[in-house]
Amino acid sequence: MFHSSLFGRFQPLWWMLGAFVALTAQADDPQSPATIPASPMQTEVSASDEAVEPGRAALDAWNASSPSGPSFIEGLSADLDILELVRNSPLVMDIDADIAPMQMSLRESIDVALAKNLGLSITRYSPGLAQDNITVAEAAFDPNLSASLTAGENASPPSTSLAGVASGRAINADQQFNLGVGKRFTTGTEVALETRLNRGTTNSTNALLNPDFSSRLGFEVRQPLLAGFGEAVNLAAVTRAQIGLRSSRLTVRREVLDLIANVEIAYWNLAAARQRQALFISNLRLAKSLLEENIERERVGLATRLDVLQAEASLAARSEEVILSQETADNAEDRLRSVLGILYSETLQPLDVEPLPENDPLLPPFRESVTGALASDMESQIQLELIGQLEVDRVVATNNTLPDLDVYAGAGILGRESNATVAYQSAFETRGYDWNVGLELSLPWGMRAEEARLRSSVRSIYRAETQLAEIQQELLRRLRLAWRSIASGRERLATTRASLRLNAESFEQERARYDAGLSNFRNVLEAQRDFDDAKLRHLSALYDLREAVVLLARLDGRLLARHGFTWDEVDDDTQTSPDPIAALEEELWPAPDFQRFNADPAELPADYGATPNALIETYLGPEETYE
């Protein structure tokens, strides 16, 4: 019982000893694992049918000559399959790998977004619509021309023998023409000038004029004295439309600022994703190198099977990171394309962006940031315009609580002859006239509805003013958050740089100790993980600091000047309605081909799926050291 337990406890050691003897017998094999290339991501793939990947050929020959060898060899073969999937990842199949990357600076990205972003294009229609609303409101004071022409006839039995009707009924025909022009003034005054010509005929022999032409030239005036009096009330619709135009222009400016900030954030997000992808590829190469080294060390008896298994597991984990980082980079690129407005409306040429800046940005004084934010916040200015519009509504509601008291007057000159021309001449000779004057009062009982509308308008103003306070409070909170993020981000960047340098040195020393037999491989893996975490933390600190800089510039009004813009040139391009954008055609919507997992590697370039951006200098040193 004791011997069996002891054998079981040391079974892995006996098994590794047997494996060492078996592998030692193949030390002179020209296709030993030592011939595996340094990096599977750099393996050259020939288009020839006879060409065979060196690493794959070595593993195939090794497995064929050692059918009873250790099981981890099959795992290594599976890991190389994973690496092949990384290179043939379908996550980038919708982008043609043969197209050279399109170099795009940050300023170029902003220029493209200002011209093609769909959200901004939609908002740019608003000022034009608001300008049309002003024209509609002002048209209420344009002169109004009216004309009418009517005709009628009446036939009835005569009511008296003196009607002078020879037949059994009296027939009277009438034709009337009216022409007038009216205008409403901003004080509420309404003036109308009109002329009327009436022609009457009859079959009565007693008529003095047949046909009978009567004419009139006159005017009418109506002036509200209480409700509806004054320019403030009558120009309310125009004032609302003007406020709407200013508000729409401010909305466009707000969209421009948000767009520029979103473009810069999306740009640096893609840069960070590309650098993170390059970092994981570098880690994958290192994991591959460590695995090959451990296989060789095990072959000569300097490493255990556990060391190889741990290296193999590390390789699988690094492979997964590469696949996920590829997906993240593609998503970040699509996000940038979407913000720019060229997701599928342009060629799917890969975007090559600049790396994240390594500089330590200056932090402006907080008081200056607050002053700039309050002066340039478009959200507050839009809310102030809304309050102004509500003030107009209050003025109208107050006026509507007054009774309708109108004074009106009218006068005209009349003419009547058997001829139309002579009828007008007699009118100008003032042979006849008419006039009228009056006072009209209308008062709803109790004025309940008008009083309720007035109270509602006042409450709406109070609510809007409270919302303005909330907007400014949120602005201050976001400003403090962005300012604090930069302050802490600068310190965080310094600590991550120090951590990166110390972890690099720690990893080097731990690996040297392992090579000298003074440490185990688990310690090497832990040091590598700490080094990888330090790289990621440093990259994250760079991106977070850059994002905080963008957000602070967006809030305190420095964003335009930061990119060399002025409002004059931006307004020239964005305050007018854009040209209509046609619907996208179906062929511009390519879908990723997920069946390409089984694609022949010879059909793809060896570096397919690799990042277009080179790794920043922070990471180039360790990578060159390990290759």
Side-chain angles (χ1 to χ4, degrees), residues 110 113-114 117 119-134 137 232 235-265 364 366-396 457-483 550-577:
I110 295 175
L114 292 177
N117 180 266
L120 179 60
S121 298
I122 294 172
T123 308
R124 285 173 58 189
Y125 286 101
S126 299
L129 296 174
Q131 185 66 58
D132 292 337
N133 291 336
I134 294 178
L235 290 176
V238 178
T239 305
R240 290 191 191 99
Q242 292 172 344
I243 292 175
L245 176 59
R246 294 196 299 268
S247 179
S248 65
R249 288 174 174 171
L250 290 173
T251 301
V252 173
R253 284 190 170 189
R254 181 186 63 187
E255 292 292 325
V256 168
L257 293 176
D258 289 342
L259 177 61
I260 293 176
N262 291 337
V263 168
E264 186 168 0
I265 290 175
F366 183 72
R367 287 293 181 184
E368 293 183 6
S369 296
V370 172
T371 302
L374 293 176
S376 61
D377 182 44
M378 297 301 164
E379 197 68 35
S380 297
Q381 296 181 34
I382 293 173
Q383 188 67 16
L384 286 173
E385 295 293 342
L386 175 60
I387 293 174
Q389 193 172 58
L390 293 175
E391 286 286 355
V392 175
D393 295 341
R394 184 191 61 78
V395 171
V396 174
S457 64
V458 173
R459 290 191 178 101
S460 297
I461 293 175
Y462 292 162
R463 180 178 63 181
E465 290 175 345
T466 306
Q467 289 173 340
L468 175 61
E470 182 185 31
I471 290 173
Q472 293 179 341
Q473 176 181 268
E474 177 64 15
L475 172 64
L476 180 60
R477 186 194 68 82
R478 294 169 57 195
L479 189 70
R480 290 168 61 89
L481 178 63
W483 196 89
V550 175
L551 293 179
L552 182 61
R554 165 63 182 89
L555 294 174
D556 65 9
R558 295 181 296 107
L559 188 62
L560 282 184
R562 187 166 175 264
H563 295 287
F565 289 106
T566 63
W567 274 126
D568 290 338
E569 59 181 323
V570 172
D571 287 342
D572 289 341
D573 296 333
T574 59
Q575 293 290 350
T576 56
S577 300

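All residue numbers in this chain count up from 1 along the given sequence. Worth saying up front: this structure is predicted, and the values here are computed from it rather than measured. Computation of the quantities below employed the complete heavy-atom set of this structure, encompassing side-chain atoms and omitting hydrogens, waters and symmetry-equivalent molecules.
- Contact annotation: the side chain of Thr576 approaches that of Arg124 to within less than 4.5 Å [non-hydrogen atoms, C-beta and beyond].
- Summarising the geometry, atom CD belonging to Glu385 is positioned 11.0 Å from atom CZ belonging to Arg249; distances are rounded to the nearest 0.5 Å.
- Residues Leu552 and Pro364 form a side-chain contact, since some pair of their non-hydrogen atoms from C-beta on lies under 4.5 Å apart.
- At a threshold of 4.5 Å between non-hydrogen side-chain atoms, the residues Phe565 and Leu114 count as touching.
- Taking CG from Leu476 and CG from Leu374, the interatomic distance works out to 8.0 Å, rounded to the nearest 0.5 Å.
- Proximity of Leu555 to Trp483: side-chain heavy atoms (C-beta onward) are nowhere separated by under 4.5 Å.
- Residue Glu465 qualifies as enclosed at atom CD: its count of foreign heavy atoms under 6.0 Å is above 12.
- Across all non-hydrogen atoms, the minimal contact from Ala464 to Gln383 is O-NE2, 3.1 Å.
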Could you walk me through whether Arg478 and Glu474 pass side chain to side chain contact (heavy atoms under 4.5 Å, CB included), step by step?
-> CA-CA 6 Å; Arg478 294 169 57 195; Glu474 177 64 15; 3.5 Å; yes
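- Listed by chain and residue number, Arg394 satisfy the salt bridge (Lys or Arg N to Asp or Glu O under 4.0 Å) test with Glu391 (two or more places apart in sequence, or in another chain).
- With a 4.5 Å cut-off on side-chain heavy atoms, Ser380 and Leu468 count as touching.
- A donor-acceptor contact shorter than 3.5 Å links the side chain of Glu569 to the backbone of Thr566.
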Does the pair Ile265 and Leu551 meet the rule for a side chain to side chain contact (heavy atoms under 4.5 Å, CB included), with working shown?
-> CA-CA 9 Å; Ile265 290 175; Leu551 293 179; 3.9 Å; yes
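- With sequence neighbours left out, the side chain to side chain donor-acceptor pair (under 3.5 Å) criterion links Arg562 to Glu264.
- For the atom pair CG of Leu384 and CZ of Arg246, the computed distance is 11.0 Å after rounding to the nearest 0.5 Å.
- Minimum heavy-atom separation, Gln381 to Ala375: NE2-O, 3.3 Å.
- Ion pairing between a basic and an acidic side chain is recognised when a charged N comes within 4.0 Å of a carboxylate O; Asp377 and Arg254 show no such pairing.
- A pairwise comparison of heavy atoms in Ser248 and Ala130 identifies OG-CB, 3.8 Å as the closest pair.
- No side-chain heavy atom of Leu386 sits under 4.5 Å from any side-chain heavy atom of Ser247.
- The number of heavy-atom neighbours closer than 6.0 Å to CZ of Arg558, taken from other residues, nucleotides and ligands shown, is above 12.
- Between Leu390 and Ser457, the closest side-chain pair of non-hydrogen atoms is not below 4.5 Å.
- In plain terms, the two heavy atoms of Ser376 and Gly557 that are nearest each other are OG-CA, 3.3 Å.
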Assess whether side chain to side chain contact (heavy atoms under 4.5 Å, CB included) is satisfied between Asn262 and Asn117, documenting all intermediate values.
-> CA-CA 11 Å; Asn262 291 337; Asn117 180 266; over 6 Å; no
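- In this structure, CG in Asp393 is found 8.0 Å from CD1 in Ile461, a value given to the nearest 0.5 Å.
- Partner of Val256 under the side chain to side chain contact (heavy atoms under 4.5 Å, CB included) criterion, out of Asp571, Val570, Thr123, Asp573: Val570 alone.
- Checking side-chain atoms of Glu255 against main-chain N and O of Gly119 turns up no donor-acceptor pair under 3.5 Å.
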Could you walk me through whether Ile260 and His563 pass the side chain to side chain contact (heavy atoms under 4.5 Å, CB included) check?
-> CA-CA 9 Å; Ile260 293 176; His563 295 287; 3.8 Å; yes
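- Minimum heavy-atom separation, Ala261 to Leu559: N-CD2, 3.8 Å.
- The two residues Val396 and Ala236 have their closest heavy-atom pair at CG2-CB, 3.5 Å.
- Contact check for Leu560 versus Leu257: side-chain heavy atoms found under the 4.5 Å cut-off.
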